[in-house]
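We name chains A, B, ... by the order of the sequence lines, and we start the count at 1 in each one.
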2 protein chains.
Amino acid sequence: MKLSTRSRYGTRLMLDMAQHYMKGPIQLGTIAKRQNIPVKYLEQIIIPLKKAQYVKSVRGNKGGHYLARPPEEITVGEIVAILEGGLRLTKCTDEPDACKRHEDCLTRAVWKQATDAMHEKLNSITLSDLLKTGDPCEYEMDTEDNPT
Amino acid sequence: MKLSTRSRYGTRLMLDMAQHYMKGPIQLGTIAKRQNIPVKYLEQIIIPLKKAQYVKSVRGNKGGHYLARPPEEITVGEIVAILEGGLRLTKCTDEPDACKRHEDCLTRAVWKQATDAMHEKLNSITLSDLLKTGDPCEYEMDTEDNPT
DNA sequence: AAAATAATATACTAAAATACTATAGATTCA
DNA sequence: TGAATCTATAGTATTTTAGTATATTATTTT
């Protein structure tokens with residue numbers, strides 16, 4: 001029932017890019033240092049986010065990644081859903097027929113309701129909301145490795 | 001982010017006992033057949049539930065297990081928390097200090113809120129609530145293996 | 001043109017968690 | 001006594017998680 005590092009790192013990755021939205025591409029190496037996450041792992045994590053069109057990239061020297069949409073239009077729920085392969089506590093939440101007991105299963109309704117509650121909360125929070133809760137300057141200053 | 005079979009089987013185990021509350025001990029073998037869960041696995045799962053005083057048992061021939069409290073006083077959230085080792089999406093939800101980034105972590109608040117939403121929903125549903133949603137007779141009749 | 005930088009692609013691996021299974025022993029009832 | 005049932009402890013196969021490693025492609029700077 002725990003979130004994987006994929007979702008958590010991925011959310012921080014997206015949040016980092018949100019903090020530098022519209023300032024040109026950022027290198028994964030920079031984010032990796034800033035967030036203390038292995039670069040090679042970030043490279044894996046960003047793939048599905050690119051496929052889902054939440055992130056775009058520029059190759060080559062001075063290249064990098066950037067958000068394809070404004071932070072106000074990206075929810076944490078969307079990020080987690082992409083990286084976790086769905087936002088649900090059980091498989092049967094989405095696909096009742098996946099379980100042969102689905103006809104007289106009394107518990108499925110509970111998992112569905114708990115999933116919905118979590119779902120609703122996560123989808124109500126955007127990257128932009130998160131930025132407002134903290135002090136962005138704290139992050140802007142942390143640029144000794146950033147050759148802007 | 002998925003529930004383990006431990007929580008799901010465990011909930012069905014508790015629900016099965018709830019359906020036979022106050023009718024004497026039920027053998028795990030009977031529940032295993034009824035719920036189509038390996039007996040040996042149920043034996044593992046029931047241990048923490050006994051330790052947490054939600055279940056009591058009678059040893060020996062004609063022995064079995066039974067709920068230590070009425071179904072109205074047992075929530076699904078309690079069962080899941082016992083079997084999943086807590087009801088939270090991240091470790092930092094409970095123990096902020098567990099993470100060294102906790103001071104300037106913008107994401108922790110989200111995991112906390114989503115956890116709370118799930119928590120609240122699961123703790124609002126009792127075994128008794130679940131029994132009302134289905135047809136108990138359906139289960140009473142399924143007793144060809146039950147030597148009552 | 002060459003060198004440096006950064007993304008992309010693919011494959012590999014160690015460790016942990018999950019989902020059981022096996023064996024032996026203790027307890028109770030008939 | 002013997003069958004049934006819970007209890008305790010250990011073992012194991014599979015899957016998932018959390019990364020690493022290597023090589024390639026694309027772009028910019030020198």
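- Rounding to whole angstrom units, CG of residue A:N61 and C1' of C:dA2 are separated by 13 Å.
- Nearest heavy-atom pair, A:T107 versus B:T11, reported as atom, atom and distance to 0.1 Å: CG2-CG2, 3.8 Å.
- Counting non-hydrogen atoms of other residues, nucleotides and ligands closer than 6.0 Å to NZ of A:K50 gives a total above 12.
- At a threshold of 4.0 angstrom between heavy atoms, the contacts of A:K56 with the nucleic acid are absent.
- The nearest heavy atom of DNA chain C to A:I46 and to A:M1 marks one nucleotide each, and the one closer to the 5' end goes with A:I46.
- In this structure, B:L28 places its CG atom 13 Å from C1' of D:dA4, rounding to the nearest Å.
- Using a 4.0 Å heavy-atom distance criterion, A:G64 is classed as a sugar-phosphate-only contact.
- Taking side-chain N and O atoms only, B:T5 has a distance below 4.0 Å to OP1 or OP2 of C:dA19.
- Between B:K62 atom NZ and D:dG2 atom C1' there is a gap of 14 Å when expressed in whole angstrom units.
- For the residue pair A:E78 / A:Y54, a side-chain donor-acceptor distance below 3.5 Å is found, with atom types taken as modelled.
- Straight-line distance from the CZ atom of A:R59 to the C1' atom of D:dT24: 8 Å, rounded to whole Å.
- Listed nucleotides C:dT23, D:dT20, C:dA7 differ in distance to B:K40; the shortest reach to its side chain belongs to C:dT23.
- Distance A:Q44 CD to C:dC12 C1': 11 Å, rounded to the nearest Å.
- Rounded to a whole Å, the CD atom of B:Q27 is 15 Å from the P atom of C:dT28.
- Atom CD of A:E120 is surrounded by 12 or fewer heavy atoms from other residues, nucleotides or ligands within 6.0 Å.
- Not one side-chain nitrogen or oxygen of A:Y9 sits closer than 4.0 Å to the OP1 or OP2 atom of D:dA18.
- If A:P38 and A:G60 are placed on DNA chain D by their nearest nucleotide, the residue sitting closer to the 5' end is A:P38.
- For B:L3 and C:dT18, the CG to P distance is 11 Å, given to the nearest whole Å.
- Between B:K112 and B:D116 there is a salt bridge, since at least one side-chain N of the basic residue sits less than 4.0 Å from a carboxylate O of the acidic one.
- With rounding to whole Å, B:Y41 atom OH is found 18 Å from D:dT7 atom P.
- Across the interface with DNA chain D, nearest-nucleotide mapping of B:S57 and A:V58 shows B:S57 to be the residue nearer the 5′ end.
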